[in-house]
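Have a look at the structure below before the remarks.
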Amino acid sequence: MEKTIDIYTYLKKDHKKVSGLFQKLITTDDTEFRCEIFKELYNELTVHSESEQKTFYKALDKTKKSQEEVEHAKEEHKEIKDILKKLLKPTSKEALWLIQLGELKSMVEHHVKEEETEIFPMAKKMISKTRAYALTEEMEAEKQKIKLKETI
């Protein structure tokens, strides 16, 4: 990993990467390339959400307000994972698949916006700067564990 960054910068980098993958998926007509990019997107979202819950969200689960925000974010992670699983199933109707991909993209963008505009400011009041840097390393380590067992 590069020079240590705090958890907020780290999460924003993940968000930006996922946004780029969506862009590639939407702009290509090459079915084989789309399958490769979708696998990468699936893996990124799965590894990100699971490692985020085990590290960043766990560090936030302290006050009633933060618990509500974390629960809401976890629900969104579950909804995202459900759509990802739906998209994994082959369909002969490319148009239907693209519509579902659009739904996923909207859901992820909504989640990212809430996280960056609501959760991050709240977290910055609860998590020390030192802890914010440590969480980056913890999340990276967690990602490596998840990648070993859960990627497609």
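From a predicted model like this one, the values you see are computed outputs, not experimental measurements. Throughout, numbering of the chain's residues begins at 1 and tracks the sequence.
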Notebook entry, point to check: Listed by chain and number, what are the side chain to side chain donor-acceptor pair (under 3.5 Å) partners of K78, not counting sequence neighbours?
Noted result: D82
Margin query: Does either side chain, that of Q67 or that of E71, offer a donor lying less than 3.5 Å from an acceptor on the other one?
Written below: no
Item checked: salt_bridge(K74, E79) N-O dist < 4.0 Å -> no
Item checked: Minimum side-chain heavy-atom gap E115-E52 below 4.5 Å -> yes
Check: Quick one: does T46's side chain have a donor or acceptor within less than 3.5 Å of a partner on N43's backbone?
Finding: no
Next item on the list: To the nearest 0.5 angstrom, please state how far the CD1 atom of I99 sits from the NZ atom of K93.
Entry: 11.0 Å
Next item on the list: Hey, could you give me each pair passing salt bridge (Lys or Arg N to Asp or Glu O under 4.0 Å) that has a residue in residues 99-110? Not counting sequence neighbours.
Entry: K105-E109
Next item on the list: Apply side chain to side chain donor-acceptor pair (under 3.5 Å) to Q53 and list each qualifying residue two or more places apart in sequence or on a separate chain.
Entry: H77
Next item on the list: Name all residues meeting the side-chain contact (heavy atoms from CB on, under 4.5 Å) criterion together with Y133; count only those two or more places apart in sequence or in a different chain, and write none if there are none.
Entry: T4, D6
Checklist line | I80 side, atom CD1; Y42 side, atom OH - distance, nearest 0.5 Å | finding: 13.0 Å
Note to self: Run the salt bridge (charged side-chain N to carboxylate O under 4.0 Å, His left out) test against E69 and tell me which residues pass, sequence neighbours left out.
What the structure shows: K65
Next item on the list: Kindly write out the residues that satisfy side chain to side chain donor-acceptor pair (under 3.5 Å) with S66, not counting sequence neighbours, or none if the list is empty.
Entry: T63
Notebook entry, point to check: Could you go step by step and tell me if T9 and K12 meet the side-chain contact (heavy atoms from CB on, under 4.5 Å) rule?
Noted result: CA-CA 5 Å; T9 305; K12 283 180 180 178; 5.7 Å; no
Check: Partners of V18 by side-chain contact (heavy atoms from CB on, under 4.5 Å), sequence neighbours excluded?
Finding: F22, L41, E44, L45, V108
Note to self: Enumerate the salt bridge (Lys or Arg N to Asp or Glu O under 4.0 Å) contacts for residues 23-39, please, sequence neighbours excluded, ordered by first and then second residue.
What the structure shows: R34-E94
Notebook entry, point to check: Who are the side-chain contact (heavy atoms from CB on, under 4.5 Å) partners of E76, not counting sequence neighbours?
Noted result: H72, H110, H111, E114
Margin query: Tell me every residue that passes salt bridge (charged side-chain N to carboxylate O under 4.0 Å, His left out) with K54, counting only those two or more places apart in sequence or in another chain.
Written below: E142
Check: side-chain contact (heavy atoms from CB on, under 4.5 Å) with T27: which residues, sequence neighbours excluded?
Finding: Q23
Notebook entry, point to check: Within a strict 4.5 Å, meaning less than it, do heavy atoms of the I7 and F120 side chains meet?
Noted result: no
Notebook entry, point to check: Is there a donor in the side chain of E137 and an acceptor in the side chain of Y10, or the other way round, less than 3.5 Å apart?
Noted result: no
Note to self: side-chain contact (heavy atoms from CB on, under 4.5 Å), that's the test. Do I119 and Y8 meet it? Break it down for me.
What the structure shows: CA-CA 10 Å; I119 295 178; Y8 314 105; over 6 Å; no
Notebook entry, point to check: Going by heavy atoms in the side chains, are E140 and Q144 under 4.5 Å from each other?
Noted result: yes
Next item on the list: For residues 116-127, pull every pair meeting side chain to side chain donor-acceptor pair (under 3.5 Å), keeping only residues two or more places apart or in separate chains.
Entry: H15-E116
Notebook entry, point to check: Counting only N and O atoms by type, is there a donor-acceptor contact under 3.5 Å from the side chain of T28 to the main-chain atoms of L25?
Noted result: no
Notebook entry, point to check: Under the salt bridge (charged side-chain N to carboxylate O under 4.0 Å, His left out) criterion, do K81 and E50 qualify, and how do the steps go?
Noted result: CA-CA 10 Å; K81 190 156 186 142; E50 288 186 28; 3.0 Å; yes
